[in-house]
Enquirer: 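Quick one: this structure, given as structure tokens, is what I'll be asking you about.
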Amino acid sequence: MPINYYPTFQKGRILKLEMLENLRDYPRHIMDIYVQDYSDGILTGANVIVNDGSLTVTRGIVKLHGHLYYIEQDCNIAYEESGNETIVKLRCYPEKQEQDFLRFDTELLLDDNTEILPNELELARFKLKKGSRLRSDYQNFEDFATEFNTLNVIHTHYAGIGQSTIHPSILRYFAKEVLTIGSKGMEDTMFAMLCLNNATVERELLLHYIANRFEMDYKDYPNWQLHRYLVSILQELMGEALQDPIGVEWEEKQF
């Protein structure tokens with residue numbers, strides 16, 4: 001039978017080691033139980049904000065290989081105009097046993113190596129030309145995929161039930177566009193409302209929406225391709241000709 005203990009710290013009672021251990025373990029145990037069914041990825045926060053010459057990664061929580069890593073304060077990292085694709089990574093290191101603590105180190109870095117190692121998570125990416133300004137003020141939904149001088153969060157993995165999902169800022173932007181343009185079909189409106197009403201949208205729901213919307217078989221797609229399908233839906237709603245979302249210019253090798 002599961003038993004839960006909570007220290008009461010009554011006056012006149014002896015402070016016991018078990019009481020302090022309960023204070024230490026209880027918050028982390030609660031969080032571990034709450035997210036036990038979630039995939040690896042960002043659980044909350046860890047947003048990348050563009051400044052002049054630097055990026056700010058906001059505090060947040062990520063999950064990697066079943067372990068939670070906490071970014072407890074905003075962190076700044078300088079960037080350069082290299083012209084190369086650069087990945088904003090969070091690198092997580094194995095635990096270290098110290099005398100009084102278990103230590104879990106993390107490192108924020110900008111890396112030209114686009115391979116994501118098993119101990120890394122991608123927070124964003126960009127390709128900044130010399131003399132240009134990095135931006136994240138997207139002019140339209142398609143602008144999320146602009147190759148140069150634009151912060152790209154399409155490839156970022158957010159934690160979801162069983163499998164990761166795409167960045168909530170992408171789906172919120174899509175939802176606002178759908179509701180602004182309007183749709184004769186309830187399917188688009190209902191999906192848009194779900195995107196605005198939830199912190200994250202499960203990948204399974206997104207895949208079913210796209211499969212039904214394009215009358216295709218249900219299957220998974222990489223994040224960049226999901227974005228292209230959503231772009232095509234907005235183009236259709238705006239009265240433009242429905243374009244092939246997987247055209248030659250969007251071959252996966254470019255990503």
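Owing to the predicted nature of the structure, the values given are computational and were not obtained by experimental measurement.
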Enquirer: With no hydrogens and no angle check, is any side-chain donor or acceptor of Thr150 less than 3.5 Å from a backbone partner on Phe148?
Expert: yes
Enquirer: When you measure from the side chain of Ser132 to the backbone N and O of Leu128, does any donor-acceptor pair fall under 3.5 Å?
Expert: no
Enquirer: What are the two closest non-hydrogen atoms of Ser164 and Ser39, and how far apart are they?
Expert: N-OG, 3.2 Å
Enquirer: Between Glu147, Glu80, Glu81, Glu85, which is the residue that forms a salt bridge (charged side-chain N to carboxylate O under 4.0 Å, His left out) with Lys127?
Expert: Glu147
Enquirer: When you group the ILVMFWY residues by side-chain heavy-atom contacts below 4.5 Å and let the links chain together, are Phe126 and Ile77 in the same group?
Expert: yes
Enquirer: Please confirm whether the backbone N or O of Ile166 pairs with a side-chain atom of His227, one donor and one acceptor, at under 3.5 Å?
Expert: no
Enquirer: Looking only at heavy atoms, what is the nearest atom pair of Val50 and Tyr79, with distance?
Expert: CG1-OH, 4.2 Å
Enquirer: Could you state the interatomic distance from CG (Leu64) to CZ (Arg91), rounded to the nearest 0.5 Å?
Expert: 12.0 Å
Enquirer: Please find the pair of heavy atoms, one from Phe141 and one from Ile170, that lie closest to each other, and give the distance.
Expert: CE1-O, 3.2 Å
Enquirer: Going hydrophobic residue to hydrophobic residue with side-chain gaps under 4.5 angstrom, can you get from Ile33 over to Leu68?
Expert: no
Enquirer: Let me confirm one number: the CD-CD1 distance from Glu236 to Ile181, rounded to the nearest 0.5 Å.
Expert: 11.0 Å
Enquirer: Check the angle between the aromatic planes of Phe191 and Tyr209 and answer parallel, tilted or perpendicular using the 30° and 60° thresholds.
Expert: parallel
Enquirer: Any chance you could measure Lys184, atom NZ, to Thr189, atom OG1, to the nearest 0.5 Å?
Expert: 12.5 Å
Enquirer: Side chain to side chain contact (heavy atoms under 4.5 Å, CB included) between His157 and Ile116: does it pass, once the steps are laid out?
Expert: CA-CA 12 Å; His157 290 280; Ile116 306 300; over 6 Å; no
Enquirer: Test Leu123 against Leu108 for side chain to side chain contact (heavy atoms under 4.5 Å, CB included), laying out the working first.
Expert: CA-CA 10 Å; Leu123 304 183; Leu108 285 168; 3.7 Å; yes
Enquirer: Please check: side-chain N/O of Asn152 versus main-chain N/O of Ala145, any donor-acceptor pairing under 3.5 Å?
Expert: no
Enquirer: Is it true that Leu196 and Tyr173 fall in one hydrophobic cluster, defined by side-chain heavy atoms closer than 4.5 Å?
Expert: no
Enquirer: From Phe214 CZ over to Ser232 OG, what is the distance, rounded to the nearest 0.5 angstrom?
Expert: 5.0 Å
Enquirer: What's the separation between atom CG in Leu194 and atom CG in Leu171, rounded to the nearest 0.5 Å?
Expert: 10.5 Å
Enquirer: Considering non-hydrogen atoms only, spot the tightest contact between Ser136 and Leu151 and give its length.
Expert: CB-CB, 4.1 Å
Enquirer: For residues Val153 and Val48, determine if any side-chain heavy atom of one lies less than 4.5 Å from a side-chain heavy atom of the other.
Expert: no
Enquirer: What orientation do Tyr69 and Phe104 show, parallel under 30°, tilted 30 to 60°, or perpendicular over 60°?
Expert: perpendicular
Enquirer: Within the side chain of Lys89, is there an N or O that forms a donor-acceptor pair under 3.5 Å with the backbone of Asn113?
Expert: yes
Enquirer: Step through the shown structure and confirm whether more than 12 heavy atoms of other residues, nucleotides or ligands are within 6.0 Å of CD on Glu72.
Expert: no
Enquirer: Counting only N and O atoms by type, is there a donor-acceptor contact under 3.5 Å from the side chain of Lys63 to the main-chain atoms of Val35?
Expert: yes
Enquirer: Would you call Tyr138 and Thr146 a side-chain contact if the rule is heavy atoms closer than 4.5 Å?
Expert: no
Enquirer: Nearest 0.5 Å please: distance from the CG atom of Asn198 over to the CE atom of Met193.
Expert: 13.0 Å
Enquirer: Which heavy atom in Ala175 sits nearest to a heavy atom in Ala192, and how many Å separate them?
Expert: CB-O, 3.3 Å
Enquirer: Let me check something: any side-chain donor-acceptor pairs from residues 52-62 under 3.5 Å, sequence neighbours excluded? List them with distances.
Expert:
residue: Thr56; atom: OG1; partner: Asn51; partner atom: ND2; Å: 2.7
residue: Thr56; atom: OG1; partner: Asn76; partner atom: OD1; Å: 2.5
residue: Thr58; atom: OG1; partner: Ala46; partner atom: N; Å: 3.4
residue: Thr58; atom: OG1; partner: Asn47; partner atom: N; Å: 2.9

Enquirer: For Ile87, which of Arg125, Glu115, Glu120 qualifies under side chain to side chain contact (heavy atoms under 4.5 Å, CB included)?
Expert: Arg125
Enquirer: Taking atom OH as the centre, does Tyr34 end up with more than 12 heavy-atom neighbours from other residues, nucleotides or ligands that are less than 6.0 angstrom away?
Expert: no
Enquirer: So for atom CD, which belongs to Gln36, do other residues, nucleotides or ligands contribute more than 12 heavy atoms lying within a distance under 6.0 Å?
Expert: yes
Enquirer: In this structure, would Leu234 and Leu206 fall into the same cluster of hydrophobic residues linked by side-chain contacts under 4.5 Å?
Expert: yes
Enquirer: Nearest heavy-atom pair of Thr165 and Arg203: which atoms, and what distance?
Expert: OG1-N, 3.6 Å
